[in-house]
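Remarks on the structure that follows.
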Amino acid sequence: MRTDLFDFDLPPESIALRPVEPRESARLLVVRPGDGLDDYTVRDLPDLLRAGDQLVVNDTKVIAAQLAGRRVGGATEPRIDVTLIKRVDGSRWQALVRPARKLAEGDVVRFGNEGRVCLLGNLDATVEAKGEAGEITLSFAFHGPVLDQAIADLGAPPLPPYIASRRAPDEKDVGDYQTMFAKHEGAVAAPTAGLHFTPALEAALQARGIGVQRLTLHVGAGTFLPVKTDDTADHKMHAEWGTISAETACTLNEARAKGGRIVAVGSTAMRLLESAADENGTIQPFTGETAIFITPGYRFRAVDVMMTNFHLPRSTLFMLVSAFSGLETMQAAYAHAIEKGYRFYSYGDACLLFADTGHAA
């Protein structure tokens, strides 16, 4: 499909720079294809679902993936900004860097200040390789938990560019850019639909007989990127690692067999559930990488309802929601959201999407 079909104009003032408080007070646009649009808040979610439904949330934990350093060992020591995007092994990460032209294979980038990290006072990484798409592979001097702690000490929350370009990250973002479900470290971007949940909201859901199940998908920085090809068929997705336990898969399959619906909280939960489902819609235990790219025409097998934030123009995420609820429906929903002053993107409001039966199973 043509990428420009998924474009739209968004006023800059629609982009949320901070989340609302309390989190469940965010607005919630309910989208039922063929049956109009309704305005609610996230705290209404228990009343919009029914007993037996199962919400599926992503319990990945965002790491402090934004690092500032300098190239050392040469005549000059230019500043190098690094965003970690994917762990390779215990001591190596793939990363995006600025300015990439200042680095060559074999260069050393030093992060940190004297006395802050371990006994060495700094964290060094060697440029092991440079990729064609601008990413590099960094081999760090530390390994395993020691490296993880060093990154946590030196790094900052990896706020999306549309926020970071308008204000600097601060200590408040450390908590704001993390869901209440965060448990397993490895994401470099938050699964933002989960940011709306609080213990009170989870308790209200459970009191209504709605389950909250967990999976893990370590979100990569590719979630921020618009599709730059003219045709969606030419776009290559970044692979992300995820896991669904046998227990979670069994719970979801049993609930669906009894008439309950699977409600994916966010595009990351949606993508992993669809990656793990067989042709009959049975969710299998899953551990590994997925690079699934969902565009209109895809037949959904596992997910019946989706809760998600409002996404970037031309993004794979807007393509996904258009596949789920229909492109014309989502274009109308986004126009309504802009007109009514909904807040967009990571810290913004949410929508509850029901499937377009002409596009979804």
Side-chain angles (χ1 to χ4, degrees), residues 19 22-24 26 42 45-46 49 53-65 84-87 145 148 151-152 155 157-160 173-206 210-223 238-255 260-277 283-290 292 302-303 305-309 317 320 346-347 350:
R23 295 194 178 195
E24 69 266 31
V42 171
L45 185 61
L49 301 175
D53 289 347
Q54 300 292 317
L55 273 77
V56 184
V57 301
N58 187 357
D59 66 4
T60 189
K61 187 173 184 178
V62 181
I63 66 169
L84 305 177
I85 58 173
K86 183 180 179 183
R87 184 190 292 276
D148 295 343
I151 291 171
L159 288 185
D173 291 306
V174 174
D176 285 347
Y177 200 61
Q178 202 78 264
T179 74
M180 63 170 275
F181 308 108
K183 183 178 180 180
H184 303 289
E185 290 189 343
V188 299
T192 54
L195 293 177
H196 300 290
F197 286 78
T198 64
L201 179 58
E202 183 177 20
L205 289 162
Q206 292 174 339
I210 299 165
V212 179
Q213 311 302 326
R214 289 149 170 80
L215 52 70
T216 305
L217 183 74
H218 292 324
V219 191
T223 191
H238 289 268
E240 297 165 317
W241 184 92
T243 184
I244 300 175
S245 70
E247 179 182 4
T248 296
C250 182
T251 298
L252 295 176
N253 291 328
E254 288 180 352
R261 296 172 297 184
I262 306 302
V263 183
V265 177
S267 59
T268 58
M270 165 76 88
R271 293 177 62 244
L272 190 55
L273 287 166
E274 290 296 318
S275 298
I283 299 168
Q284 305 293 334
F286 185 99
T287 297
E289 291 190 334
T290 178
I292 188 172
V303 176
V305 184
M306 181 184 187
M307 179 180 171
T308 186
N309 284 24
L317 307 182
L320 186 156
S346 295
Y347 280 155

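- Closest heavy-atom contact between E24 and A200: OE2-CB, 4.4 Å.
- Under the 30°/60° scheme for interplanar angles, the aromatic rings of Y177 and Y347 are found to stand perpendicular.
- Panel note: side chain S275, backbone R271; a donor-acceptor pair is recorded below 3.5 Å.
- Between the side chains of T60 and H184, no donor-acceptor pair is found at a separation under 3.5 Å.
- Checking side-chain atoms of D53 against main-chain N and O of R261 turns up a donor-acceptor pair under 3.5 Å.
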Exercise. Taking it one step at a time, do M307 and V305 satisfy side-chain contact (heavy atoms from CB on, under 4.5 Å)?
Worked result: CA-CA 7 Å; M307 179 180 171; V305 184; over 6 Å; no

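- In this structure, R23 CZ and L201 CG are separated by 12.0 Å, a value rounded to the nearest 0.5 Å.
- Counting heavy atoms from C-beta outward, V62 and P158 have side chains that approach closer than 4.5 Å.
- Atom CG of L217 is separated from atom CE of M270 by 13.0 Å, given to the nearest 0.5 angstrom.
- E202 is not listed as a side-chain neighbour of L55, based on a closest heavy-atom distance of 4.5 Å or more.
- The shortest non-hydrogen separation linking V188 to A65 is CG1-CB, 3.6 Å.
- For the pair V219 and A189, the tightest heavy-atom approach, listed with the atom from each and the gap, is CB-O, 3.2 Å.
- No side-chain heavy atom of K183 sits less than 4.5 Å from a side-chain heavy atom of K61.
- Side chains of Q213 and T251: no donor on one and acceptor on the other come within 3.5 Å.
- At a threshold of 4.0 Å, the pair E240-K86 does not count as salt-bridged, since none of the basic side-chain nitrogens sits closer than that to a carboxylate oxygen.
- With rounding to the nearest 0.5 angstrom, the CG atom of L272 is 9.5 Å from the CH2 atom of W241.
- Side chain of Q206 to backbone of G211: no donor-acceptor contact under 3.5 angstrom is found.
- Side-chain contact between V42 and F197 is absent, with no heavy atoms from C-beta onward closer than 4.5 Å.
- Here the closest non-hydrogen pair linking M180 and T198 is SD-C, 3.3 Å.
- A salt bridge does not link E247 with R214: none of the charged nitrogens is closer than 4.0 Å to a carboxylate oxygen.
- The structure places OG1 of T268 at 7.0 Å from CG of L215, a figure rounded to the nearest 0.5 Å.
- Annotation: the span from I244 atom CD1 to L252 atom CG amounts to 7.5 Å, rounded to 0.5 Å.
- Proximity of a side-chain donor or acceptor of N253 to a complementary backbone N or O of I283 within less than 3.5 Å is detected.
- Residues A255 and Q54 approach most closely at CB-CG, 3.5 Å, considering heavy atoms.
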Problem set entry | From CA spacing to verdict: side-chain contact (heavy atoms from CB on, under 4.5 Å), V57, V212 | CA-CA 7 Å; V57 301; V212 179; 4.1 Å; yes

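- Contact record, L195 with S346: CD1-O, 3.5 Å, taken as the closest heavy-atom pair.
- The closest donor-acceptor contact from the side chain of T243 to the backbone of F286 lies under 3.5 Å.
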For this session: Kindly indicate, with the supporting measurements, whether the criterion side-chain contact (heavy atoms from CB on, under 4.5 Å) is fulfilled by L273 and V56.
Result: CA-CA 9 Å; L273 287 166; V56 184; 4.0 Å; yes

